[in-house]
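The structure appears below as C-alpha cells.
Note that the coordinates shown come from a computational prediction; the quantities given were computed from them, not determined experimentally. Computed from heavy atoms alone, side chains included, the values below leave out hydrogens, waters and symmetry copies.
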Amino acid sequence: MPEWASLRSSDFVKRSIKGASKLPHALIVQAQPVLVSHLISLVECALAPNAKYDDVLAAAIAILAFGGVMRLGDCLMLPDKLKDRDIRKIISRNSVELIATRSFSFHLPYTKTDKSFRGCRVTIGAEFSPPEFNFIDVLQLYCRRRDLLFGPDGPLLLRESGKAPMRSWFIPKLKRFAPGVTGHGLRAGGATFLAQLGVPDALIKRMGRWKSDAWEEYIRDHPAFQAIIAINIAAALKRLR
C-alpha cells in the first residue's frame with residue numbers, strides 16, 4: 001500500500017486541491033463596522049449634563065472595544081449564557097493605568113486566542129482618537145463616576161445597580177446610535193478606523209491581537225476602507241503627473 005507521504009505529494013492530489021480551491025465559496029458575511037459618527041453620537045449622550053451613569057458606562061464599553069480593537073466577549077462584559085461565564089475573564093479595576101489625557105491601559109486576562117489565561121496589556125492611546133473627542137477623557141469620566149459608587153476595587157465595568165453589564169443590556173444601547181450593527185462591529189470599526197488613519201498593518205495586527213493576517217480579510221471589503229484606498233491611489237497618481 002502506498003505511503004501517505006507519496007500519495008499527498010502526487011501530481012493528481014496537488015491538481016485536485018488546486019482545482020477545489022477555485023470552486024464557488026459561500027459569501028463571507030462581515031460585521032458592519034461601527035463608524036466614528038456612531039461613536040460620536042454615543043459619546044455626546046454620555047457627556048450630556050443630565051447623562052445617567054449607565055449612559056457613561058455604555059460609551060466606555062464602546063470606546064474600549066473600538067479603541068482597543070477588542071471583541072465584546074473578551075472580558076468586556078458577561079455573556080448572556082450562564083455556561084459561558086467565567087469570573088477569571090473579568091477586567092479588574094485596579095489593573096487600570098491612566099496617564100492624564102494621553103493613555104488608558106489595563107490587563108486583559110483572557111482573549112479568544114489565549115486559552116491559557118496568560119493575558120495581555122491593552123493600551124488605548126489618545127493619538128488614535130477621532131478629532132471630535134478624546135477616548136481618554138470619556139474613560140476617565142467613567143472611572144470617576146464608577147469609583148464614587150463602588151470604590152477602586154472589583155470589576156472595572158459595573159452598572160449602576162452593581163451588576164455586570166451583559167451583551168443583552170449593551171447591544172440595544174449601541175443600536176440606538178448605530179442601527180443594523182452588532183457588537184462585533186466595534187472591533188471591525190476600530191480596525192477600519194486605524195487603517196484610515198494610515199496606521200501600519202503590523203501595528204493594527206498587534207493592537208487587535210490577531211495571530212495571523214486574517215484581519216486583512218476582515219476589513220478589506222468595507223466601503224470606508226476601499227474609499228481610503230481609492231483616495232490614496234488618486235493622490236499617488238497626481239504626484240506622478
Side-chain angles (χ1 to χ4, degrees), residues 31 33-47 55-77 89-114 118-147 152 155-158 164-165 170 173-174 177-178 181 183-210 215 218-219 224:
V34 170
L35 305 178
V36 171
S37 58
H38 298 146
L39 211 57
I40 291 171
S41 298
L42 189 62
V43 168
E44 285 178 346
C45 178
L47 297 181
D55 292 332
V56 181
L57 168 61
I61 291 173
I63 289 172
L64 288 175
F66 188 97
V69 199
M70 298 180 68
R71 302 176 185 90
L72 283 182
D74 286 348
C75 308
L76 284 179
M77 63 193 70
K89 298 179 181 180
I90 296 176
I91 299 171
S92 172
R93 170 65 180 92
N94 58 26
S95 75
V96 171
E97 291 183 6
L98 179 64
I99 302 178
T101 58
R102 292 168 48 196
S103 68
F104 182 96
S105 67
F106 57 91
H107 177 70
L108 181 65
Y110 172 86
T111 68
K112 187 178 179 181
T113 56
D114 174 22
R118 289 179 297 178
C120 62
R121 196 82 191 166
V122 176
T123 299
I124 299 174
E127 66 270 26
F128 298 123
S129 302
E132 292 78 4
F133 69 93
N134 187 335
F135 286 152
I136 315 306
D137 289 341
V138 182
L139 294 172
Q140 189 172 25
L141 171 64
Y142 167 70
C143 285
R144 284 201 304 267
R145 295 193 61 171
R146 179 218 169 275
D147 292 353
L156 171 62
L157 302 173
L158 288 172
F170 174 72
K173 291 185 176 295
L174 175 64
F177 302 99
V181 305
H184 210 59
L186 287 162
R187 180 169 163 87
T192 303
F193 181 62
L194 290 173
Q196 292 173 5
L197 292 178
V199 176
D201 293 359
L203 183 55
I204 295 176
K205 180 178 176 180
R206 183 175 180 180
M207 291 175 68
R209 295 159 298 283
W210 277 284
W215 74 273
Y218 189 74
I219 69 171

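- Atom CZ of Phe106 is separated from atom CG of Leu157 by 8.5 Å, given to the nearest 0.5 angstrom.
- Across all non-hydrogen atoms, the minimal contact from Thr101 to Ala126 is O-CB, 3.1 Å.
- For the pair Ile63 and Phe133, the minimum side-chain heavy-atom distance is below 4.5 Å.
- Residues Pro33 and Phe193 have side chains not in contact (no heavy-atom distance under 4.5 Å, counting atoms from C-beta outward).
- Contact detail for Ala46 and Val56: the closest heavy-atom pair is O-CG2, 3.6 Å.
- At least one side-chain heavy atom of Leu57 sits under 4.5 Å from a side-chain heavy atom of Pro165.
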Leu64/Val122 under side chain to side chain contact (heavy atoms under 4.5 Å, CB included): CA gap, chis, key distance, verdict:
CA-CA 9 Å; Leu64 288 175; Val122 176; over 6 Å; no
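- Shortest non-hydrogen contact noted between Pro155 and Arg146 is O-NH2, 2.8 Å.
- To the nearest 0.5 Å, atom NE2 of residue His107 and atom OG of residue Ser105 are 11.5 Å apart.
- The heavy-atom pair separating Ser103 from Thr123 by the smallest distance is CB-CG2, 4.2 Å.
- Interatomic distance, CG of Leu39 versus CD of Glu132, reported as 10.0 Å (0.5 Å rounding).
- Put simply, OG on Ser41 and CG on Leu35 are 10.5 Å apart, with the number rounded to the nearest 0.5 Å.
- Ile91 is listed as a side-chain neighbour of Pro109, based on a closest heavy-atom distance under 4.5 Å.
- Here the OG atom belonging to Ser92 is positioned 12.0 Å from the CG atom belonging to Leu108, to the nearest 0.5 angstrom.
- In this structure, Phe135 and Phe66 have perpendicular ring planes: the angle between them is above 60°, well past the 30° mark.
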Side chain to side chain contact (heavy atoms under 4.5 Å, CB included) between Val34 and Phe177, worked out:
CA-CA 10 Å; Val34 170; Phe177 302 99; over 6 Å; no
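- Side-chain contact between Leu156 and Cys143 is present, with at least one heavy-atom pair separated by less than 4.5 Å.
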Can you check side chain to side chain contact (heavy atoms under 4.5 Å, CB included) on Asp55 and Lys173, steps first, answer last?
CA-CA 8 Å; Asp55 292 332; Lys173 291 185 176 295; 4.1 Å; yes
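- Nearest heavy atoms, Ala100 versus Ile136: O-CG2, 3.4 Å.
- Using a 4.5 Å heavy-atom cutoff, the side chains of Asp147 and Arg93 are in contact.
- Within the 4.5 Å cutoff, the side chain of Ile61 has heavy atoms near those of the Leu72 side chain.
- Here Arg102 contributes atom CZ and Ile124 contributes atom CD1; the two are 15.5 Å apart, rounded to the nearest 0.5 Å.
- Taking 4.5 Å as the limit, every side-chain heavy atom of Leu98 sits out of range of all side-chain heavy atoms of Leu139.
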